[in-house]
Each structure stands twice: as structure tokens, then as C-alpha cells.
Amino acid sequence: MNWKKPFGISLLPFFVGLLFFSASLTPSLIPRGWLLQGVLGGTVAALGYMAGRLVLTLWRQMALPRLRGTAFVIGHLAVGLPVLAILIYSLMNEVPWQNSIRTRMGMEPLESVNMFQMLALAALIFVLLYMIGALVRLLFDRTRHWLYRFMPERTANIAGLLIVGFILLVATRDGIVDRMIGFFDKSYTLAQDLFENAPPPPTDPDIPGSTASLINWGAMGQPGRNFVTTGPGTEAIAAFSGDTAMKPLRVYVGLADAKTPQERADLALAELRRIGGFEREVLIVAMPTGTGWLDPASFDVLEYMHGGNIASVAVQYSYLQSPLALILETDAGLAQARALVSTIHSYWRSLPEDHRPELYMHGLSLGAWASMYGTDLEALLDDPIDGALWVGPPFPSARWNEAMAARNPDTPYIAPDVGEGRLFRFTSHTKPAGGPDGWGSMRLMFLQYSSDPIVFYQPSSLWRPPVWMTEPPAEDVSPYLSFMPVVTQFQLALDMAIALSAPSGHGHSYYARDYIGAWLAVTAPDGWTQADTDRLMARCDNEKQQGCDN
């Protein structure tokens with residue numbers, strides 16, 4: 001067996017790998033430390049090497065001319081020296097490139113990026129991936145050479161490729177992937193503190209999970225229990241408004257509370273009716289993130305705005321983090337959203353128009369995607385909801401893509417206008433929501449940050465720059481951000497994984513005060529003034545992402 005063939009390094013593909021590594025040092029949407037940069041750099045370097053090796057193999061298979069002797073040396077120098085120059089230039093600029101994002105996000109600038117540790121980690125990742133690739137190639141070589149005994153060489157090569165591909169598919173799907181899914185599902189389920197691990201139930205009969213409730217406190221899970229037992233109370237709201245206030249109502253049904261999406265939706269409706277949710281001025285139907293979490297900032301803002309005369313209802317559909325839930329449990333959130341929205345809307349529309357609350361949809365991240373899917377606008381035409389606020393919608397969201405496709409061409413991709421803003425509006429930390437005037441019969445609002453990769457990732461960035469990358473950079477986006485095929489795709493994929501590490505008001509970390517203008521425009525609270533907005537912003541500034549309840 002010739003071990004040198006599968007395990008030997010080819011120089012030209014290695015230069016391609018170095019070029020990919022150099023490009024990975026350029027900034028993307030979210031700041032990276034040396035650890036993540038090392039992982040990213042080593043991964044794309046291995047991909048670059050693989051791409052170069054593939055091109056070189058195709059060149060040889062087509063029997064095209066090959067450099068030899070002095071021409072071989074000169075050719076490698078002609079390619080290698082510029083690549084090394086680019087590598088040195090990129091390493092020298094890594095600190096200012098990262099600081100170009102950090103300073104725009106209000107973070108402390110870096111003095112260094114631990115270059116030697118980063119390079120060592122990148123080299124380790126490259127070697128590990130290279131060895132895996134070499135072992136796969138060795139398996140392929142052994143398989144096809146064995147098949148040469150029974151069939152022509154070309155047929156054996158194709159058959160060997162199919163056999164090895166099948167082996168890898170089974171090994172990853174039934175081995176690695178299944179074990180990872182089981183590990184994550186168990187880990188996040190334990191984090192819910194279900195049943196015997198739950199704290200004592202509340203005594204207030206208006207809180208779900210109490211002895212008077214239809215919902216099992218132990219099955220609700222930690223995110224649900226936090227949701228229904230926190231938030232501003234009557235006294236806090238009255239002190240803020242200087243007027244009488246009501247106690248906000250919150251309903252949450254855990255994934256373990258019932259077996260099917262429809263049973264959980266029916267339970268949510270029954271509990272909402274039990275505590276008088278349909279007797280309030282405003283009703284919010286919300287979808288949580290993958291783990292079941294709901295951003296307290298959004299609900300606190302609403303409850304202060306409406307003097308507590310509000311009810312909110314949510315149903316859990318997963319225990320996994322949103323990126324994992326999106327990949328592994330894609331249909332779970334969609335099915336739950338469709339069941340919850342249709343169930344609540346059907347009962348709501350049966351009530352007299354002058355004796356029912358204003359009805360709004362809401363969701364953050366994966367919850368926004370599910371909420372949009374569940375909100376079938378055609379089904380609502382004869383009795384439409386009042387509006388919706390969808391925050392940080394993931395890039396596959398169909399309704400978000402429809403709204404983006406209808407944007408006025410002279411407006412920025414990251415903060416567009418759609419028509420005259422009567423149905424769809426977009427707001428951000430830099431783009432005002434436009435206030436409660438000028439809407440049509442429904443008010444559909446998207447809150448999104450220009451540096452949020454969950455929103456602005458595009459699969460086509462594998463081979464072409466995203467639309468927003470061809471426009472002038474936003475205020476919190478580095479002016480040095482540039483496109484390179486394959487590399488940009490992996491930069492943005494890593495950005496999605498670490499999107500919550502950005503400071504409040506950037507990336508996927510939505511800031512309490514940015515909900516205020518959005519909810520004001522969508523729900524139009526009676527008697528609300530600019531002074532009220534300023535006071536609520538000051539209150540929310542003290543709490544950052546943890547809500548506005550002091």
C-alpha cells in the first residue's frame with residue numbers, strides 16, 4: 001500500500017488552503033476571539049485544500065500539461081509568494097479588522113488576538129480534518145482496488161465512490177448525528193427542571209400551574225415558570241403610569257403538558273378563558289424560541305404601555321436551542337404555531353367585536369418563524385388580527401422573504417420600506433418604527449438588527465455576495481467586510497452560532513428599549529405620549545436584556 005499517496009501534501013492545494021485561511025481573518029458580522037478564529041481558519045483552510053486538490057485531480061484526469069523541472073519550481077513560487085504576502089498582510093490586520101466591529105458595537109478594542117495560540121489551533125484543526133479526508137480517500141482507494149477484480153476500472157471507481165458515500169452516510173446519521181441529538185435533547189430536557197425537580201407551585205389562582213390551574217406546574221418547564229411568575233406587577237405599573245393599573249395575565253403551556261400540538265393549544269385556550277384573558281384590552285399570542293424561552297423585555301414593555309390591561313399566551317414546542325430545533329425539529333414549531341393561532345383566533349372571532357381584545361401575534365427568532373407560519377393571512381381575511389411584531393426572523397421565514405421581495409428598490413436591504421408602510425414595516429436600532437399612524441387594517445412589523453446573521457445569512461453566499469454586502473455598510477457593520485466564495489459562507493454560519501454573544505442592540509441580542517417603538521406603532525396604546533416613551537426607555541436601560549421590571 002502506498003501510504004504517501006493519500007497522506008502526502010500537495011503544494012498548490014496547500015496554497016489555496018492558506019488563501020482561504022487568510023480570507024477567514026477578515027471581519028464578518030459578529031466579533032470573534034482567537035479560539036473561534038482558530039476553529040474557523042483551520043476549517044476553511046482544509047476546505048480550500050480539498051478544493052485545490054479536486055481541481056488538481058481533474059487537471060490530471062484530463063491529461064492536461066503538467067509543469068516539470070524548473071518550470072515546476074517557478075510556477076509554485078509564482079503562486080506561493082503572493083499567497084504568503086496575503087497571509088502576512090491578513091495576520092497584521094486581524095486586530096484592526098476585529099476592532100472595526102467591536103468599536104461600532106460599543107465594545108472595548110482588542111490589543112492583541114493571541115496570534116500564536118490561534119495559529120496553533122488552526123493548524124491542529126487543519127491536520128485533524130486533513131487526516132479524516134486522507135482516511136476517507138484511503139478507504140476509497142482500498143474499495144475500488146478490490147472491485148477491480150470483478151469489474152472494469154471506471155465502473156469500479158464509481159461503485160467504490162457510492163459504497164464509501166453510503167458508509168459515511170450511515171456512520172454519521174446513525175452514529176454521530178443520532179448520538180449528538182440524544183445528548184442535546186437530554187441536556188436541554190434536564191435544564192427544564194421538569195416534574196419532581198420543579199420548585200413549589202404558586203398560590204395565586206390567576207397564575208398557571210397553581211392548584212386552581214388546568215396546567216401542570218411540573219410539566220411547564222423552567223422557561224414557562226419564569227414567564228408566568230415574573231414581569232411588572234400592579235403596583236409597579238401604577239407607579240410608572242401614575243394611574244390605576246391591572247395585573248397582567250400570562251399563560252404558558254409546556255411541551256410535557258400534553259401529547260399533541262392541538263391538545264396543547266386547547267389547553268392554552270382553556271386556561272386563558274379560565275383566568276379571563278379574553279376580557280382584557282390586548283391579547284398577545286406568542287411563540288417562544290426553541291428552548292421555550294420568551295424575552296421578558298418585550299412583554300414588560302407591553303404591560304407597562306397598556307397599564308396591565310393585557311393577556312399573553314404561549315406554548316412550548318421543543319427543548320432544544322433554536323439552531324438545533326430549526327435543523328432537527330423543523331416541523332414541531334410550525335405545527336404548534338398553526339394549532340395555537342387557529343385555536344385562539346377561532347374562539348376570538350366567535351366573540352362580539354365590541355367585547356373582545358385586540359389580537360396580536362409575536363415571536364422572537366425561531367418563534368418569529370413559527371409565528372409567521374401559523375399566521376395564515378388568507379385565512380384571516382374575513383376577520384383579521386390587529387397586527388404582529390416579529391423579531392429577529394430567521395432567513396428562511398417565508399413571510400419575511402415576501403415582505404423583503406416587495407421592498408421599495410431605493411431603500412436599504414437591511415432596513416427597507418414596503419410601499420407606503422400600510423401592511424409591512426421594518427424597524428431596527430437605527431430605523432424608527434414610524435408610529436401608530438398610517439397603517440391599514442393590519443399592522444405587521446419586523447424588528448431586525450443590521451448585524452444579525454440569523455436574519456441576513458443567505459445560503460447563496462457560498463458562491464456570491466449577499467445583497468446587503470453590495471450596499472454601503474450599516475452603522476454596526478465593519479467597512480472592511482468583504483466577500484470570498486466559500487469562506488464568507490462559513491464566516492456567516494459561525495456568526496449565526498455566536499449571534500447572541502454580541503452586545504445588547506447588535507447581532508441577535510435584542511435590546512429592551514428597541515421593543516418600545518415597535519410595540520407603540522403596532523398596538524397604539526391609548527393616551528401614550530413621547531414623555532411616556534422617554535420614561536420607559538430610561539427604565540428599560542437600567543435592565544438591559546432582562547426586561548424592564550424593577
Side-chain angles (χ1 to χ4, degrees), residues 280-287 295 297-299 301-307 309-314 337 340-342 344-345 348-349 353-354 356-364 367-393 397-408 411 415-429 431-448 455 510 513-530 532-533 536:
R280 294 304 176 94
E281 179 184 82
V282 173
L283 174 59
I284 306 296
V285 179
M287 290 300 295
D295 191 346
S298 180
F299 295 90
V301 162
L302 268 172
E303 288 164 355
Y304 278 113
M305 277 187 168
H306 292 276
N309 193 2
I310 181 172
S312 302
V313 58
L340 180 63
V341 173
S342 62
I344 299 296
H345 181 260
W348 173 83
R349 67 184 295 182
E353 289 190 26
D354 56 347
R356 68 186 186 188
E358 297 176 2
L359 182 60
Y360 299 95
M361 304 298 152
H362 180 45
L364 165 65
W369 184 45
S371 177
M372 279 183 265
Y373 177 85
T375 308
D376 185 347
L377 297 183
E378 291 187 7
L380 303 178
L381 285 178
D382 58 337
D383 205 347
I385 61 173
D386 291 276
L389 174 58
W390 293 310
V391 184
S397 305
R399 182 139 300 119
W400 177 82
N401 278 287
E402 290 171 7
M404 293 294 290
R407 71 187 178 99
N408 300 342
T411 57
D417 293 326
V418 179
E420 297 179 355
R422 292 180 54 78
L423 177 61
F424 291 114
R425 289 188 193 175
F426 290 81
T427 185
S428 71
H429 49 337
K431 178 182 172 63
D437 298 325
W439 290 95
S441 59
M442 276 195 297
R443 308 175 177 198
L444 306 180
M445 177 77 76
F446 298 98
L447 169 58
Q448 58 191 36
V455 178
Y510 285 86
R513 65 179 295 156
D514 291 327
Y515 286 106
I516 298 174
W519 276 128
L520 171 61
V522 171
T523 65
D526 293 335
W528 191 262
T529 67
Q530 182 60 47
D532 295 326
T533 295
L536 188 52

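When reading the values below, keep in mind they use all heavy atoms of this one structure, side chains included, and skip hydrogens, waters and symmetry mates. This one's a predicted model, so the numbers in the text were calculated from it and none came from an experiment.
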- Message: Ring-plane angle category for Phe426 and Phe446, please: parallel below 30°, perpendicular beyond 60°, tilted otherwise.
- Response: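 Parallel: the ring planes of Phe426 and Phe446 meet at under 30°.
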- Query: Are more than 12 heavy atoms from other residues, nucleotides or ligands located less than 6.0 Å from atom CD of Glu402?
  - Reply: yes
- Note on the structure: Sequence neighbours excluded, the answer for ring-ring contact (aromatic ring centres under 6.0 Å, His included) partners of Trp348 is His345
- Message: Under the rule for ring-ring contact (aromatic ring centres under 6.0 Å, His included), what residues qualify as partners of Tyr360, not counting sequence neighbours?
- Response: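 Applying ring-ring contact (aromatic ring centres under 6.0 Å, His included) to Tyr360 gives none.
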Under the side chain to side chain donor-acceptor pair (under 3.5 Å) rule, collect the residues that match up with [X], sequence neighbours excluded.
X: Glu281; answer: His306
X: Glu353; answer: none
X: Ser428; answer: Thr430
X: Arg356; answer: Asp383

- Item | For Asp417, all residues meeting salt bridge (Lys or Arg N to Asp or Glu O under 4.0 Å), sequence neighbours excluded |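 With sequence neighbours excluded, Asp417 shows a salt bridge (Lys or Arg N to Asp or Glu O under 4.0 Å) to Lys431, given in chain and number order.
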Between [X] and [Y], which heavy-atom pair has the shortest distance, and what is it?
X: Met404; Y: Pro416; answer: SD-CG, 3.7 Å
X: Pro393; Y: Trp400; answer: CG-CD1, 3.5 Å
X: Arg399; Y: Phe424; answer: CG-CE2, 4.1 Å

- Task: Flag the pair Leu283 / Ile344 as yes when at least one side-chain heavy-atom distance between them is below 4.5 Å, and no otherwise.
- Result: yes
- Query: Are the side chains of Thr523 and Arg443 in touch, meaning some heavy atoms are under 4.5 Å apart?
  - Reply: no
- Pick from Leu302, Leu389, Leu520, Leu536: which one makes a side-chain contact (heavy atoms from CB on, under 4.5 Å) with Tyr515?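 When Leu302, Leu389, Leu520, Leu536 are each tested with Tyr515, the side-chain contact (heavy atoms from CB on, under 4.5 Å) holds only for Leu389.
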Any residue meeting side chain to side chain contact (heavy atoms under 4.5 Å, CB included) with [X], in chain and number order, not counting sequence neighbours:
X: Tyr373; value: Leu334, Arg338
X: Ser441; value: none
X: Ala337; value: Met287, Ala370
X: Thr427; value: Ala433, Met445, Leu447, Ala518

